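Atoms within each ligand, like the ligands themselves, are counted from 1 in listed order. When a residue number appears, it is its place in the shown sequence, counting from 1. All of these numbers come straight from a predicted model, not from anything done at the bench.
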Amino acid sequence: MDFKTDVLCIGAGYVGGPTMAVIADRCPHVKVTVVDVNAARIAAWNSDDLPIYEPGLDEVVRRARGRNLFFTTDVQAGIKAADIIFVSVNTPTKTFGEGAGRAADLQYWEKTAREILACADRDKIVVEKSTLPVRTAEAMERILNNNTRGLRFDVLSNPEFLAEGTAVADLENPDRVLVGSHETPEGLRARKAVVDIYTTWVPRERVIESNLWSSELTKLTANAFLAQRISSINSISALCERTEADVDQVAYAIGTDSRIGSRFLKASVGFGGSCFKKDILNLVYIAETYGLHEVAEYWESVVRMNEWQQTRFVRNMLANMFNTVAGKRIALLGFAFKADTGDTRESAAISVTRQLLADHARVVITDPKALDNARRDCAGFEGDLTFEPDPYRAAAGAHAIAVLTEWRLYKTLDYGRILDGMEKPAFIFDGRNILDHRTLFEMGFNVFPIGKRPLKHF
Ligand code: NAD
Ligand code: UGA
């Protein structure tokens with residue numbers, strides 16, 4: 001079959017895989033190839049057991065795979081054939097050298113640029129899909145356009161705003177799609193080629209166009225604002241616990257102000273996920289490199305507040321369990337950084353587990369989707385740590401259970417049965433405020449929500 005456009009995506013991860021699957025599903029006239037150096041990941045994309053869990057993704061992939069969606073490790077052939085190349089490789093926080101712990105590690109991104117340059121035999125549009133520091137495109141253009149073969153590369157920015165667990169819905173019905181380019185005739189032509197793909201299914205008014213630097217900076221800013229809302233409400237949750245105010249009531253009441261809005265005001269044990277912390281620290285680093293120290297400090301406090309909330313959660317457990325958890329079995333309900341994903345990157349559960357083990361608790365972790373990742377995350381941890389798929393078995397013999405992920409499953413467990421099998425007094429620490437606290441208290445549990453008065457029998 002003849003396709004109108006040949007699109008390549010380098011990087012078959014949480015972003016590249018679902019994004020390209022939806023593009024292929026919605027644009028049968030576009031041939032979409034996704035490449036990755038990780039052969040196991042590509043094999044999984046070609047199997048019935050996809051490498052990531054996302055509701056609805058199996059169906060989308062099944063419809064398009066083999067028709068106009070292809071997964072392969074042949075990066076070179078993919079580059080040669082492509083008109084438009086999306087680059088969706090990982091951009092983690094640098095762990096070494098200048099900027100370690102803050103700056104983005106751009107080695108994978110730059111390597112990709114050099115591969116594109118080595119394999120291309122005609123002009124290409126290169127699209128930044130990864131989240132990158134503002135003005136990265138400048139460096140990419142220097143590398144790509146510094147060639148003696150007369151090849152021209154137009155670099156665009158098209159950041160991805162999908163959230164894990166709702167990736168397919170976010171891609172099929174996005175609040176907006178952002179495409180940034182140079183505002184030159186060539187840049188605008190390249191921009192149109194990418195805009196045309198999205199407007200196949202996204203309403204035109206939801207496709208925002210901007211200059212390159214605005215687009216790059218928007219992505220970091222969006223994540224910083226989202227995370228800032230969580231840290232803000234978490235800071236208020238601590239105050240609620242001291243004053244008998246109820247954080248859910250406060251969040252609801254402020255959220256009805258249309259200027260504030262109701263979303264992303266759910267107090268929790270702390271935000272996790274692969275991007276919020278990394279992107280804010282990257283913003284902090286960028287601000288510092290421009291000498292904007294107050295700006296850097298302001299955003300860094302969002303990460304500090306999140307770390308404090310995780311520590312505060314465990315301190316609260318300790319304080320209420322008579323200042324010792326040594327030798328006590330504690331069941332952690334949920335390890336994923338949020339519900340509906342198996343992803344555990346930067347999950348608050350990692351820090352909670354580490355702290356509890358340091359206090360010699362016997363920790364048992366349960367999660368419906370994330371136990372394999374949990375095992376990997378905790379591989380080097382010392383102490384009494386076990387993994388148990390069945391939440392009832394996890395809670396059996398425990399002194400306390402702590403809800404760390406808001407899986408729907410945990411709302412509907414038979415807590416009477418759980419209480420019967422627990423040591424007494426039995427404690428529940430609800431790090432997501434998803435349980436019916438009054439009913440649990442009346443059953444006999446001592447209940448410690450986030451940002452609300454505890455309900456205890458002593
Ligand atoms: P990921 O680690 O899941 O996937 C990246 C993939 O790129 C890996 O499979 C890796 O093997 C591959 N890769 C690296 N170098 C390569 C190369 N030279 N050639 C071919 N493949 C290569 O990462 P992700 O979560 O998909 O994130 C990718 C980018 O998107 C990051 O910049 C991230 O900040 C951003 N982002 C992520 C999310 C999310 O929900 N995870 C959402 C929006 C934006
Ligand atoms: C987030 C953004 O929502 C996406 O727009 C963005 O594309 C993505 O980061 C990225 O760049 O990687 P994601 O991390 O997948 O998406 O998930 P979120 O729904 O944002 O949740 C992040 C964390 O915040 C989770 O741990 C979640 O439980 C927590 N959270 C979220 C709260 O504690 N309270 C809330 O009110 C909302």
Ligand 1 contact on Asp343 by region, counting heavy-atom pairs under 4.0 Å | neither
If you scan protein heavy atoms around atom 14 (O) of ligand 2, the nearest is Phe337 CE1, 3.4 Å
Leu265 heavy atoms within 4.0 Å reach ligand 2 at atoms 36 (O)
So which heavy atom in the protein is nearest atom 21 (O) of ligand 2, and how far is it from that ligand atom?
-> Lys338 CD, 4.0 Å
Please report which non-hydrogen protein atom sits nearest to atom 5 (O) of ligand 2, along with the residue it belongs to and the distance in Å to one decimal place.
-> Phe161 O, 2.7 Å
Indicate the ring-plane relationship of Phe448 and Phe429, choosing parallel, tilted or perpendicular according to the 30° and 60° boundaries.
-> parallel
Any sub-3.5 Å donor-acceptor pair from Arg67's side-chain atoms to Ala24's backbone N or O?
-> yes
Has Arg176 got its NZ or CZ under 6.0 Å from the middle of the six-membered ring of Phe161, at an angle within 45 degrees of the ring axis?
-> yes
Between Asn320 and Asn316, do the side chains contain an N or O donor and an N or O acceptor separated by less than 3.5 Å?
-> yes
Nearest protein heavy-atom contact for atom 16 (C) of ligand 1: which residue, which atom, what distance?
-> Val89 CG1, 3.6 Å
Polar proximity ligand 1 side, Arg41 side, N/O cut 3.5 Å exclusive | yes
Distance only, no hydrogens: is a donor on one side chain within 3.5 Å (strictly under) of an acceptor on the other, for Glu297 and Ser301?
-> no
Does the distance from a Lys or Arg side-chain N to an Asp or Glu carboxylate O, for Arg102 and Glu288, drop under 4.0 Å?
-> yes
Which ligand 1 atoms, with their elements, are less than 4.0 angstrom from a heavy-atom of Thr91?
-> 31 (C), 32 (O), 34 (O)
What is the nearest protein non-hydrogen atom to atom 7 (O) of ligand 2, stated with its residue, atom name and distance?
-> Leu162 O, 2.7 Å
Where on Arg432 is there a heavy atom closer than 4.0 Å to ligand 2, on the side chain, on the backbone, on both, or on neither?
-> side chain
Mind checking whether Ser130 contacts ligand 1 via backbone (N, CA, C, O), side chain (CB onward), both or neither, at a 4.0 Å heavy-atom cut-off?
-> both
Where Arg63 and Glu172 come nearest, the two heavy atoms and their spacing = NH2-OE2, 4.4 Å
State whether a side-chain donor-acceptor pair under 3.5 Å links Tyr198 with Asn158.
-> yes
For atom 31 (C) of ligand 2, what's the nearest protein heavy atom and its distance?
-> Ile230 CD1, 3.5 Å
Ser268 neighbourhood, listing ligand 2 atoms whose heavy-atom distance to it stays under 4.0 Å | 32 (C), 33 (O)
With a cut-off of under 6.0 Å to the ring centre and 45° to the axis, is Lys31 in cation-pi contact with Phe70?
-> yes
Starting from atom 12 (C) of ligand 1, which protein heavy atom do you reach first, and at what distance in Å?
-> Asp36 OD2, 3.2 Å
Sub-3.5 Å N/O-N/O distance, Lys219 and ligand 1 = no
Of all the heavy-atom pairs spanning Trp407 and Asp367, show the shortest one and how long it is.
-> NE1-OD2, 3.1 Å
Got a sec: does the CD of Glu98 have more than 12 other heavy atoms crowding it under 6.0 Å?
-> no
Check whether more than 12 heavy atoms from other residues, nucleotides or ligands sit under 6.0 Å from atom CG of Asp49, and answer yes or no.
-> no
Quick one: nearest non-hydrogen protein atom to atom 15 (O) of ligand 2, plus distance?
-> Glu164 N, 2.7 Å
At a 4.0 Å threshold, what atoms of ligand 2 neighbour a non-hydrogen atom of Cys275?
-> 10 (C), 11 (O), 12 (O)
Tell me which part of Ala163 gets within contact of ligand 1: side chain, backbone, both or neither, using heavy atoms under 4.0 Å.
-> neither
Pick one of side chain, backbone, both or neither for how Gln107 approaches ligand 1, counting any non-hydrogen atom pair under 4.0 Å.
-> neither
Please state which protein non-hydrogen atom is closest to atom 22 (C) of ligand 2 and give its distance, to 0.1 Å?
-> Phe276 CE1, 3.6 Å
Ligand 2 atoms nearer than 4.0 angstrom to some heavy atom of Glu160 are 7 (O)
Looking at atom 36 (O) of ligand 2, what's its closest protein heavy atom, distance included?
-> Lys266 N, 2.9 Å
Taking the minimum heavy-atom distance to atom 11 (O) of ligand 2, which of Leu404, Asn223, Asp340, Asp343 ranks first?
-> Asn223
Any atoms of ligand 2 less than 4.0 Å from a non-hydrogen atom of Leu226? List them with their elements.
-> 2 (C), 3 (O)
Please determine if Asp154 and Arg152 form a salt bridge, counting it only when a charged side-chain N lies under 4.0 Å from a carboxylate O.
-> yes
For Lys219, the ligand 2 atoms with a heavy-atom partner under 4.0 Å come out as 6 (C), 7 (O), 10 (C), 11 (O)
Nitrogen or oxygen of Lys129 less than 3.5 angstrom from that of ligand 1 | no
